[in-house]
Amino acid sequence: MRDIRYLDDVATLIFDKEACVGCSLCTVVCPHGVFELIDGKAKIVDLDGCMECGACVNNCPVNALKVTPGVG
Amino acid sequence: MSIEIKPPLKHIQSENVSILPSMDRVSPVLFDEKKLKHSSPLSEYEKSGYVIAHFVEKFIETDAGPIPVVKRDLTLRDRVETLGARSGLTRNNYRIAPGLYAIGKPDQNSEVLVTANFKLTFDILRSSINSISAWILVLDSFGVNVWCAAGKGTFSTQELVNRINKSGLERILNHRRVILPQLSATGVKARDVKKMCGFTVIFGPIRASDIALFLQNRKKANADMRQVTFTFKERLILTPIELNIAFKPLIITTLAIFIISGISHKIFSLENSLNRGLTALIFLLIGVLSGALITPTFLPFIPFREFAAKGALSGFILAFCVLVLFSVKSNITYFSTSSSLSLLLFSTAVSSWFAMNFTGATPFTSPSGVEKEMRRFIPFQASAAILSLILWLYSGF
């Protein structure tokens, strides 16, 4: 959703590229197209699009993703 | 102890009516044609203490027992109920029984679509999958939609596994896979489902209306199917709930307004209370409409990223326009500088507050962002409200 944006530089999403096994599940579950699979590894291509829903964290098989949304 | 063996009862017959033991001749009244027409296939599935849901058209017999087949078309009743839920009146208890349903004529190779037991969600699913025949497994999400329930942990791995086991799906199906709405990924761990019950989770598209195409594309979703939208219509449809939420504080504030507006050099003036109270009430309503209806609806067209800022701007502009209209159309004397300023601040603060509230209803605001916004804007909103109150009291004397 590139037409409506919320605040920049607030998303707490952290990605550990070393741990990533390239299963691509994060690219499937993310509702904002934050990830792309490039050269067999996930890459964050739109960090500011992240709404910290936690779908990627929940489904990453190697705990390569972390998000700490706080209380909102 | 002796057991007395009774001889079998003799067939007692009299006047063509067989009485015992087999009653093989039934009274001709039971074959009344009118009664036969009334006995639809549904009535066979009636159970004491249960009501067959109005969206069920028939039952099909399976190895897991009779499964209700649901209608694809929404009836007038469904649509009226939708209005009730959208307005917020019946939203909190709008649920259907969880469990296995069917749509069309599914067989052992058909897909299983998993959904929540919020009736609004269920209605959207059954009415927007075209002519697909499938099994529909409804989880108990306590009457909450898929995304929110997944976030709250009720649309969960455990609930899915329990429901799969309870439904007897493995007795019906040749395969071991279920299709979940993508937005349930927040609550469901696909690999744990596989470990716990052997079923493979496929994350389908976000919207039910994309399911037909998704299945056609060999269960591959394109980028559009994977991304949420927040269109004009999607925003507008949420506003009745926002207004509904605003209702209770609105009543309390209105009472306070009429009391505060009456305070004058006569201690309390009923005339002031009514006249000035009515004016303040108008600007309260402007604030609410601006924050809970206009700002959400025109969200991307209003400058700033922060909802509180968007709301403040829209509330200020709207209140300013109404003030100008008032002063042109009438010669009401109490529109002094201080009261005008007070009313402007009032609408601005109220609108900003309700707009900020709307961050909780969108599909794109991050909790971290909302927290940052609240820290920054609540002090402004509170100061504006207090300043407005002081100016309003001052202008009453």
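Just so it is clear: chains get the letters A, B, ... in the order the sequence lines come, proteins before strands, and each one is counted from 1. Please read all numbers here as calculations on a predicted model, not as lab measurements.
- Put simply, of Val228(B), Thr157(B), Ile206(B), Asp192(B), the one with the most heavy-atom pairs under 4.5 Å next to chain A is Val228(B).
- Counting only distance, with no hydrogens or angles, the side chain of Ser141(B) and the backbone of Asn117(B) share a donor-acceptor pair below 3.5 Å.
- There is a side-chain donor-acceptor pair under 3.5 Å between Thr229(B) and Glu234(B).
- Note on Leu183(B), Thr362(B), Val188(B): by heavy-atom pairs under 4.5 Å with chain A, the leading option is Val188(B).
- Residue Arg375(B): no heavy atom, backbone or side chain, is found under 4.5 Å from chain A.
- Between the side chain of His32(A) and the backbone N or O of Pro363(B), at least one donor-acceptor pair lies under 3.5 Å.
- Interface residue Cys53(A): backbone and side-chain heavy atoms are both found under 4.5 Å from chain B.
- Interface summary for chain B: among Cys30(A), Gly54(A), Cys56(A), Gly49(A), the most heavy-atom pairs under 4.5 angstrom belong to Cys30(A).
- Of all residues spanning residues 7-24 of chain A, those with a heavy atom less than 4.5 Å away from chain B's heavy atoms are Leu7(A), Asp8(A), Val10(A), Thr12(A), arranged by number.
- Checked for salt-bridge contact, Asp224(B) and Arg207(B) miss the test: no charged N lies under 4.0 Å from a carboxylate O.
- Using a distance-only test at 3.5 Å, with no hydrogens or angles considered, a donor-acceptor pair links the side chain of Gln182(B) to the main chain of Arg226(B).
- For Thr359(B), the part sitting under 4.5 Å from any heavy atom of chain A is the side chain, from C-beta outward, and nothing else.
- Contacts of Cys60(A) with chain B are made by backbone atoms alone, with heavy-atom separations under 4.5 Å and no side-chain atom involved.
- One finds a salt bridge joining Glu111(B) and Arg177(B) here, because a Lys/Arg side-chain nitrogen approaches an Asp/Glu carboxylate oxygen to under 4.0 Å.
- Both the backbone and the side chain of Lys189(B) come within less than 4.5 Å of a heavy atom in chain A.
- Phe354(B) pairs by the ring pair (Phe, Tyr, Trp, His ring centres under 6.0 Å) definition with nothing, not counting sequence neighbours.
- Listed for the Glu373(B) side chain is no donor-acceptor partner under 3.5 Å among the backbone atoms of Met356(B).
- Using cut-offs of 30° and 60° on the angle between ring planes, the pair Phe358(B) and Phe230(B) is parallel.
- Side-chain atoms of Thr154(B) and Glu159(B) include no donor-acceptor pair closer than 3.5 Å.
- Of the two parts of Ala190(B), the backbone and the side chain both hold a non-hydrogen atom closer than 4.5 Å to a non-hydrogen atom of chain A.
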